[in-house]
Amino acid sequence: MSAINVGVIGASGYTGLELLKILIHHPKFNLSYVANTEGGTTLASLHPSLAKVCDLEVKKADVEECVAACSLVFLALPHQSAMAYVKPLIAKGIKVVDLSADYRLPQDIYEKFYCPHTDVQNLAQAVYGLPELFREELRSASLVANPGCFPTSAILGVLPFMNKRVKNTPIIVDAKTGVSGAGKKLSESTHFVNVNDNLFAYNPLMHRHAPEIAQKLGVDFEEVHFVPHLCPITRGMLSSIYIQVEGDFDAHGLLEAYYKDAKHVRVSKNPVDMKNVAGTNFCDIYVKQSKASLEKGNILFISSAIDNLMRGASSAAVVNANLMMGLDEDLGIPNIAYVP
């Protein structure tokens, strides 16, 4: 099989850099087009860490140039900006993996939490890029909506236990993430002086990833109680999840059985941490049962860890692209963590 030409639009940010690092050494993808909103530079100038590794020209994003150079393109752009590129790219027959939120949700939910949608036709055709839920659909997809980082961590943790959960009871997700998840743009909340030696919740119970979690789990928004926290670390995500379940079952055994064929989920017998998944596409999951009174039912504690820039964005996007192009899903995907 000959090399497949791929491109990245939105190469300036952290997720763009992680995409480039994977694609440069991918055995089947040839990085043939790199762009951002300004252009006029090179990869080594944009990301000095790539000096003497890859010095491709970084162009000003142009749909026609991208179409001429690529069979598939990754969009590492903010929401609303991405859909402006998706529409003409799909019309030209180019496959797209969109890392923004623009195609993750139905129109009514998206517009409630983001902005008016300008590409409703393609929105209806997009496949949500979580292989553990939609692997077969991804194989024939032309447009993939890469999941959010928090939803990836939460959904993978809760999914195996949805049939055991007591209906209409809360799904409580207490999540911690590194500052890289906020992107490169400077803000008061991510200023070093504010983040260093600090820990705080933001957008509690109303974060726009909450409806994504609820929608993919098939529950009402009111049933998901999601509180994200910003930690003074660069990368990583740890979700502590609490749900009420019924019946007598082996939670760890159920978790192992559910993910026995999943290449990028690891079930742990011990509480998981961020360091062991840093730089990889793995999601590590741990579960513990708590026997409560008969009136209250049993409480499950589920802990899931991912790298927010990798499984939460860039490596997950390449897994989806692999599936779209008929390749093994783990081809070229980093699997050795940044430890220590």
Side-chain angles (χ1 to χ4, degrees), residues 1-13 15-37 39 43 54 56-78 81-104 119 121-131 134-147 264 281 309-334:
M1 183 180 180
S2 58
I4 300 167
N5 289 334
V6 301
V8 174
I9 298 179
S12 303
T15 55
L17 174 58
E18 294 295 339
L19 270 172
L20 295 168
K21 286 158 63 177
I22 298 171
L23 294 173
I24 286 167
H25 292 297
H26 194 283
K28 290 294 182 183
F29 290 151
N30 173 50
L31 184 61
S32 59
Y33 181 81
V34 181
N36 60 14
T37 56
L43 277 184
C54 185
L56 278 175
E57 180 184 358
V58 178
K59 300 182 177 182
K60 183 175 181 179
D62 180 84
V63 169
E64 294 301 326
E65 279 193 61
C66 181
V67 169
C70 304
S71 299
L72 180 147
V73 65
F74 298 89
L75 298 180
L77 296 167
S81 299
M83 66 179 100
Y85 288 93
V86 169
K87 194 171 183 176
L89 286 168
I90 292 293
K92 296 283 188 177
I94 304 301
K95 294 189 176 185
V96 176
V97 180
D98 176 30
L99 280 77
S100 83
D102 283 354
Y103 294 87
R104 296 174 187 163
D119 186 23
Q121 181 178 352
N122 284 315
L123 176 61
Q125 307 303 318
V127 176
Y128 191 69
L130 197 63
F134 301 109
R135 183 171 283 102
E136 292 309 311
E137 291 88 341
L138 288 165
R139 296 185 197 279
S140 59
S142 294
L143 170 60
V144 167
N146 221 55
H264 299 122
N281 195 60
L309 293 177
M310 297 291 280
R311 183 55 132 114
S314 300
S315 61
V318 179
V319 169
N320 287 323
N322 283 340
L323 288 167
M324 294 168 79
M325 303 307 291
L327 304 173
D328 290 341
E329 65 184 84
D330 58 348
L331 192 66
I333 305 300

Taking the side chain as C-beta and beyond, is there a heavy-atom pair between P334 and I22 under 4.5 Å?
yes
Does any part of the side chain of K28, heavy atoms only, come nearer than 4.5 Å to the side chain of M325, both counted from C-beta?
no
Measure the spacing between [atom1] of [X] and [atom2] of [Y] and express it to the nearest 0.5 Å.
X	Y	atom1	atom2	result
D102	L123	CG	CG	9.0 Å
M83	L77	CE	CG	11.5 Å
K87	D119	NZ	CG	5.5 Å
I90	L143	CD1	CG	5.0 Å
I333	N322	CD1	CG	5.0 Å
I4	S32	CD1	OG	11.0 Å

Pairing residues for [X] by the side chain to side chain contact (heavy atoms under 4.5 Å, CB included) criterion, not counting sequence neighbours:
X	value
N36	S12, E38, L46, V58
R139	R135, E136, L323
E57	K59
L17	K21, H47, S49, L50

Apply salt bridge (Lys or Arg N to Asp or Glu O under 4.0 Å) to D330 and list each qualifying residue two or more places apart in sequence or on a separate chain.
K263
Quick one: list whatever passes salt bridge (Lys or Arg N to Asp or Glu O under 4.0 Å) with K92, sequence neighbours left out.
E64
Partner set under ring pair (Phe, Tyr, Trp, His ring centres under 6.0 Å) for Y85, not counting sequence neighbours
none
Kindly write out the residues that satisfy ring pair (Phe, Tyr, Trp, His ring centres under 6.0 Å) with F29, not counting sequence neighbours, or none if the list is empty.
H26
Restricting to non-hydrogen atoms, name the atom on [X] and the atom on [Y] that form the minimum distance, rounded to 0.1 Å.
X	Y	value
Y33	C66	CE2-CB, 3.7 Å
A317	L19	CB-CD2, 4.2 Å
N30	A3	CB-CB, 4.1 Å
F134	Y128	CD1-O, 3.4 Å
A82	L75	O-CD1, 3.8 Å
G10	A76	O-CB, 3.3 Å

Run the numbers on N281 and V318 for side-chain contact (heavy atoms from CB on, under 4.5 Å), then give the verdict.
CA-CA 10 Å; N281 195 60; V318 179; over 6 Å; no
Check the pair L20 / C54 against side-chain contact (heavy atoms from CB on, under 4.5 Å), numbers first and verdict last.
CA-CA 9 Å; L20 295 168; C54 185; over 6 Å; no
Backbone of [Y] reached by a side-chain donor or acceptor of [X] within 3.5 Å:
X	Y	answer
K95	M324	yes
D98	S100	yes
R104	L99	yes
N320	G129	yes

Hits for side-chain hydrogen bond (donor to acceptor under 3.5 Å, both in side chains) against D62, two or more places apart or cross-chain, chain-then-number order -> none
Write out all pairs satisfying salt bridge (charged side-chain N to carboxylate O under 4.0 Å, His left out) with one or both partners inside residues 312-328, taking only residues at least two apart or from two chains.
none
Which side-chain N or O atoms in residues 67-74 pair as donor and acceptor under 3.5 Å with protein atoms at least two apart or in another chain?
none

